[in-house]
Amino acid sequence: MCMRSSQYLLSTLRETPAEAEIISHQLMMRAGMIRREASGMYTYLPTGVRVLRKVEAIVREEMNKAGAIEVLMPMVQPAELWQESGRWEKMDAELLRFKDRHQRDFVLGPTHEEVITDLVRKEISSYKQLPLNLYQIQTKFRDERRPRFGVMRAREFLMKDAYSFHLSQECLEKTYQAMYTAYCNIFTRLGLEFRPVQADTGAIGGAVSHEFHVLASSGEDAIVFSDASDYAANIEKAEALAPTTPRPAATQAVAEVATPNAGSIAEVSALLNVAASQIVKTLLVHAAVADDHTGPQPLVALLLRGDHELNEVKAEKTAGVKSPLTFASDAEIKAVTGASAGSIGPVGLACRVIVDRSAAVLADFICGANKDGVHLTGVNFDRDVTNYEVADLRNVVEGDPSPCGKGSLVIKRGIEVGHIFQLGERYAAAMKAGVLNEEGKHQIMTMGCYGVGVSRIVAAAIEQNHDEFGITWPEAIAPFQVALVPMNMHKSVRIQETAEQLYRDLQAAGIDVMFDDRKERPGVMFADWELLGVPHQIVIGERNLDNQQVEYKNRRSGEKELLDIAGLVDWLKSRVK
RNA sequence: CGGUGAUUAGCGCAGCUUGGUAGCGCACUUGGUUUGGGUCCAAGGGGUCGCAAGUUCGAAUCUUGCAUCACCGACCA
């Protein structure tokens with residue numbers, strides 16, 4: 001895929017568009033890879049498409065190698081399938097719905113479990129046809145409430161999604177493992193620094209799940225690692241172990257202390273000159289209720305140490321807590337406690353109380369008094385707060401003991417670029433997707449699903465590979481492998497001839513070369529190819545031509561050397577890929 | 001969806017406080033100049049000032065409504 005710049009749409013920008021906040025978004029705009037069409041929707045310009053296609057090609061090769069078979073499903077899907085799986089009601093506005101001219105309901109596919117399950121139940125009827133792993137690389141649409149960071153969190157995006165079908169858990173696990181390996185191969189080949197981590201299964205359901213994260217400080221997810229084992233998990237999933245030290249005995253009596261205008265933990269901590277870890281915060285959330293529940297919404301109190309953060313995934317998985325997690329309104333808090341949010345506490349509270357494991361070992365702690373502007377000191381569990389339960393509710397923090405039992409936890413940021421799930425029978429059962437087994441009996445299939453965020457990978461790769469001049473692509477996904485940059489070609493016949501000859505030779509050698517034949521000043525050309533991040537640059541100039549040489553520059557290392565034109569093509573061939 | 005802010009030429013911005021019919025840099029066109037790191041000079045083209053209504057002799061500027069976009073939060077395979 002060779003190209004002359006004069007016949008190409010380079011569209012680089014000298015200035016950074018105001019809307020782009022993170023570096024990958026800025027560089028994708030500046031390098032002429034994408035343009036925004038609407039919030040969360042982007043046009044890919046030629047350079048963007050090139051990178052996208054290279055990522056796709058690697059994903060496709062590794063999927064094929066792992067035994068998956070490519071299909072292509074419609075992006076627009078009939079509502080009936082979603083009603084059948086139950087997600088028509090379960091998913092909210094993220095699922096974009098619309099009607100066709102016959103007033104029939106459709107959705108823009110945010111994922112394809114329903115369509116693939118429908119396909120497989122129609123096409124597959126015998127256990128002999130299993131296992132089966134089908135994938136596609138296709139555009140998805142999720143009507144995100146807050147699209148941001150360019151293609152990192154777009155509403156329309158490109159994804160590889162695969163779905164496997166089995167008759168036994170054992171068989172599913174085998175494919176799951178094969179996908180795990182394939183994903184490691186994909187991200188390794190892409191040249192990214194990544195980590196597979198244990199993950200929460202979220203709304204999609206299922207038992208076992210791993211996410212693949214590209215490590216980057218701009219990542220939206222917090223990933224925790226053990227410093228002494230290979231344990232790694234999304235913070236949503238990482239268990240905070242119960243403290244091993246027992247709770248000290250109470251030494252103080254309960255006393256009221258005036259805390260006017262001190263609502264937050266930080267304010268109370270400063271006012272009373274007490275560490276945040278000795279204060280307990282009380283969060284009121286909606287309790288789970290039966291569908292036919294009437295009357296006021298019952299609440300549940302969640303208690304955490306002042307210096308700890310609520311883990312919402314853990315909270316909403318706790319029995320009796322409404323899912324999705326819903327915080328009580330100010331009015332609801334007032335009705336139950338008689339105070340506003342900054343001054344509430346568990347003492348004498350008329351609702352169910354769940355205490356985080358770490359908060360549960362505090363003695364003589366401070367909490368709100370359920371009276372505005374008043375806190376209590378010297379509060380103790382069992383003596384002052386009875387009728388409570390203990391659960392793991394908080395996010396782990398750096399230095400916590402690892403749940404694997406070895407070492408302590410380190411926290412890093414990650415960008416989720418892959419996610420694999422053991423789904424089980426959830427969709428197959430809801431949609432009655434089964435086959436005849438060896439005994440001739442109808443049996444529901446068990447499923448796995450495996451996603452790779454293709455367009456997100458492009459942004460993640462830039463987050464991990466850039467410098468002050470622009471993008472420093474990993475070799476495997478650079479839009480071009482080599483940039484041929486002649487100096488003042490229009491003034492020098494021999495430069496032009498050399499450049500044209502090299503262009504032909506590199507093309508013949510199968511190298512992805514961009515020939516910059518624009519009538520531009522050298523500085524403009526250099527700046528563009530550095531912005532674009534082409535890994536290998538060949539500069540042809542008068543002063544080296546006398547020795548039949550050209551200058552080579554490596555984009556990532558900055559290394560420059562003079563090379564004889566004679567051996568150049570072979571030399572480059574051994575360097576690229 | 002809540003909070004905050006923005007919207008003036010393709011991009012980045014000034015002008016608005018104090019109303020008088022729009023400007024700068026980059027980009028683009030033409031001519032010259034320069035030529036191994038975003039040249040310099042000159043001349044040009046390009047704007048319903050987000051939309052709608054109101055106030056006014058007169059609105060980019062003041063008022064109201066709406067839309068879009070962004071950020072923070074919530075949300076999230």
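Proteins get letters first, then strands, A, B, ... in listed order; numbering begins at 1 in each. Note: hydrogens, waters and symmetry copies are ignored here, and every other heavy atom, side chains too, is used.
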Participant: Could you state the atom-to-atom distance from CD of A/Gln549 to P of B/rG36 in whole Å?
Facilitator: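 Atom CD in A/Gln549 sits about 18 Å away from atom P in B/rG36.
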
Participant: With salt bridge (charged side-chain N to carboxylate O under 4.0 Å, His left out) as the rule and sequence neighbours excluded, what pairs involving residues 524-538 of chain A come up?
Facilitator: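 Listed once each, the pairs are A/Arg518-A/Asp528, A/Glu530-A/Lys553.
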
Participant: Run the side chain to side chain donor-acceptor pair (under 3.5 Å) test against A/Asn311 and tell me which residues pass, sequence neighbours left out.
Facilitator: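 With neighbours one apart ignored, the set is A/Asn395.
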
Participant: Should A/Glu316 and A/Lys322 count as an ion pair when the cut-off is N to O under 4.0 Å?
Facilitator: no

Participant: Kindly state each residue pair satisfying salt bridge (charged side-chain N to carboxylate O under 4.0 Å, His left out) with at least one member in residues 482-499 of chain A, sequence neighbours excluded.
Facilitator: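 Non-adjacent pairs meeting salt bridge (charged side-chain N to carboxylate O under 4.0 Å, His left out): A/Arg494-A/Glu542, A/Arg494-A/Asp546.
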
Participant: Indicate whether OP1 or OP2 belonging to B/rC72 is found under 4.0 Å from a side-chain N or O atom of A/Arg146.
Facilitator: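 Yes, because at least one side-chain N or O of A/Arg146 sits under 4.0 Å from OP1 or OP2 of B/rC72.
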
Participant: With sequence neighbours left out, what residues match A/Thr498 under side chain to side chain donor-acceptor pair (under 3.5 Å)?
Facilitator: none

Participant: Rounded to whole angstroms, how far apart are CG on A/Asp200 and C1' on B/rC76?
Facilitator: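 Between C1' of B/rC76 and CG of A/Asp200: 12 Å.
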
Participant: Measuring to OP1 and OP2 of B/rA70, would you say a side-chain N or O of A/Ser39 lies under 4.0 angstrom away?
Facilitator: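 For A/Ser39, the contact criterion (side-chain N or O under 4.0 Å from OP1 or OP2 of B/rA70) is met.
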
Participant: Relative to the 5' end of RNA chain B, which residue comes earlier, A/His419 or A/Ala38, by the nucleotide with the nearest heavy atom?
Facilitator: A/Ala38

Participant: Let me confirm one number: the CE-CD distance from A/Met525 to A/Glu520, rounded to the nearest 0.5 Å.
Facilitator: 7.5 Å

Participant: Looking across every strand, which nucleic acid part, if any, lies under 4.0 Å from A/Phe212 by heavy atom: base, sugar-phosphate, or nothing?
Facilitator: nothing

Participant: Searching all strands shown, indicate the nucleotide that pairs with B/rC57 (Watson-Crick or G-U wobble; both distances under 3.5 Å).
Facilitator: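 Pairing partner, where one exists within any strand: B/rG20.
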
Participant: With sequence neighbours left out, which residue pairs that include part of residues 208-225 of chain A fulfil the salt bridge (charged side-chain N to carboxylate O under 4.0 Å, His left out) condition?
Facilitator: A/Arg148-A/Glu220, A/Arg153-A/Glu220

Participant: Test of understanding: with side chain to side chain donor-acceptor pair (under 3.5 Å), list the residues that count as partners of A/Arg521, not counting sequence neighbours.
Facilitator: none

Participant: A/Asp92 pairs by salt bridge (Lys or Arg N to Asp or Glu O under 4.0 Å) with which of A/Arg97, A/Arg142, A/Arg87, A/Arg145?
Facilitator: A/Arg145

Participant: Figure out the NZ/P separation between A/Lys519 and B/rU33, and round it to whole Å.
Facilitator: 11 Å

Participant: Would you say A/Lys174 has more than 12 foreign heavy atoms packed within less than 6.0 Å of its NZ?
Facilitator: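 Atom NZ in A/Lys174 is not packed in, count stays at 12 or less.
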
Participant: When both hydrogen-bonding distances must be under 3.5 Å and the geometry is Watson-Crick or G-U wobble, what is B/rA74 paired with, if anything?
Facilitator: none

Participant: Would you confirm whether the ring centroid of A/Phe157 sits within less than 6.0 angstrom of the ring centroid of A/Phe141?
Facilitator: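 No - the distance between ring centres of A/Phe141 and A/Phe157 does not fall below the 6.0 Å cut-off.
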
Participant: Which pairs, protein N/O on one side and nucleotides 6-10 of chain B N/O on the other, fall under 3.5 Å?
Facilitator:
none

Participant: Using the P atom as the point on both nucleotides, what is the distance between B/rG54 and B/rC75, in whole Å?
Facilitator: 44 Å

Participant: Please determine, for the side chain of A/Ala18, which listed nucleotide (B/rC13, B/rG36, B/rA70) has the closest atom?
Facilitator: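 The answer is B/rC13.
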
Participant: Please classify the nucleic acid contact of A/Thr16 as base, sugar-phosphate, or nothing, using heavy-atom distances under 4.0 Å.
Facilitator: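 Sugar-phosphate, backbone atoms only, no base.
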
Participant: What residues in residues 306-315 of chain A put a non-hydrogen atom under 4.0 Å from any atom of RNA chain B?
Facilitator: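 Residues of residues 306-315 of chain A that come under 4.0 Å of RNA chain B are, in numerical order, A/Glu312.
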
Participant: For A/His25, report the nucleic acid contact type (base, sugar-phosphate, nothing); a contact means any heavy atom under 4.0 Å.
Facilitator: nothing

Participant: Between A/His210 and A/Tyr176, what is the ring plane arrangement, given parallel below 30°, perpendicular above 60°, and tilted in between?
Facilitator: tilted

Participant: Of the listed nucleotides (B/rC72, B/rA70, B/rG12), which one gets closest to any side-chain atom of A/Arg148?
Facilitator: B/rC72

Participant: Should B/rA14 form a Watson-Crick or G-U wobble pair with both distances under 3.5 Å, which nucleotide is its partner?
Facilitator: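 Base-paired to nothing in any strand shown.
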
Participant: If the C1' atom of B/rC28 is compared with that of B/rU18, how far apart are they to the nearest Å?
Facilitator: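 Comparing C1' positions in B/rC28 and B/rU18 gives a spacing of 37 Å.
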
Participant: Rounded to whole Å, please give me the gap between CZ in A/Phe327 and P in B/rA74.
Facilitator: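 Computing the A/Phe327:CZ to B/rA74:P distance gives 9 Å.
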
Participant: Go ahead and name the base partner of B/rG36; Watson-Crick or wobble counts if both distances stay under 3.5 Å, otherwise write none.
Facilitator: none

Participant: Taking the P atom in each of B/rC49 and B/rA9, what is the distance between them to the nearest angstrom?
Facilitator: 10 Å

Participant: I want to confirm an ordering. Mapping A/Glu19 and A/Gly451 to their closest nucleotides on RNA chain B, which one lands closer to the 5' end?
Facilitator: A/Glu19

Participant: Between C1' on B/rC69 and CE on A/Met41, what's the gap in Å once rounded to a whole number?
Facilitator: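 Spelled out: CE on A/Met41 to C1' on B/rC69 is 14 Å.
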
Participant: Please give, in whole Å, the distance from B/rC71 P to A/Glu144 CD?
Facilitator: 13 Å

Participant: With rounding to the closest Å, how many angstrom separate the P atoms on B/rU55 and B/rU64?
Facilitator: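 Between the two P atoms, the distance is 15 Å.
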
Participant: Quick one: salt bridge (charged side-chain N to carboxylate O under 4.0 Å, His left out) pairs with a partner in residues 12-31 of chain A, sequence neighbours left out?
Facilitator: A/Glu19-A/Arg36

Participant: Of the candidate nucleotides B/rA74, B/rC72, B/rG36, which contains the atom at the shortest distance from the side chain of A/Glu21?
Facilitator: B/rC72

Participant: Can you list every pair that meets ring-ring contact (aromatic ring centres under 6.0 Å, His included) and has a residue in residues 522-555 of chain A, with sequence neighbours left out?
Facilitator: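 For residues 522-555 of chain A: A/His536-A/Tyr552, A/Tyr552-A/Trp571.
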
Participant: Could you let me know what B/rC66 is paired to, Watson-Crick or G-U wobble, both distances under 3.5 Å, or none if it's on its own?
Facilitator: B/rG50

Participant: What's the gap between B/rA14 and B/rA60 when it is taken at their C1' atoms, as a whole Å value?
Facilitator: 12 Å

Participant: Could you give the CE-to-C1' distance, from A/Met487 to B/rU34, as a whole number of Å?
Facilitator: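 The distance from CE of A/Met487 to C1' of B/rU34 comes to 15 Å, rounded to the nearest Å.
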
Participant: P atom, B/rG5 versus B/rC11: distance in rounded Å?
Facilitator: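 The same atom, P, in both gives a distance of 25 Å.
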
Participant: Encode nucleotides 37-43 of chain B as B, S and - characters from 5' to 3', where the letter depends on protein heavy atoms closer than 4.0 Å: B to the base, S only to sugar-phosphate, - to neither.
Facilitator: BBB----

Participant: Please give, in whole Å, the distance from B/rC76 C1' to A/Phe149 CZ?
Facilitator: 14 Å

Participant: Between B/rG50 and B/rG45, how far is it from one P atom to the other, in whole Å?
Facilitator: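 Pairwise P distance, B/rG50 against B/rG45, rounds to 24 Å.
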
Participant: Reckon A/Asn234 touches a base, only the sugar-phosphate, or nothing at all at heavy-atom distances under 4.0 Å?
Facilitator: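 Nothing, no heavy atom under 4.0 Å.
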
Participant: How would you label the contact of A/Gly541 with the nucleic acid (heavy atoms, under 4.0 Å): base, sugar-phosphate, or nothing?
Facilitator: base

Participant: Restricting to side chain to side chain donor-acceptor pair (under 3.5 Å), what partner residues turn up for A/Asp307, sequence neighbours left out?
Facilitator: A/Arg305

Participant: Using the P atom in both, what is the distance from B/rG32 to B/rG38, to the nearest Å?
Facilitator: 23 Å

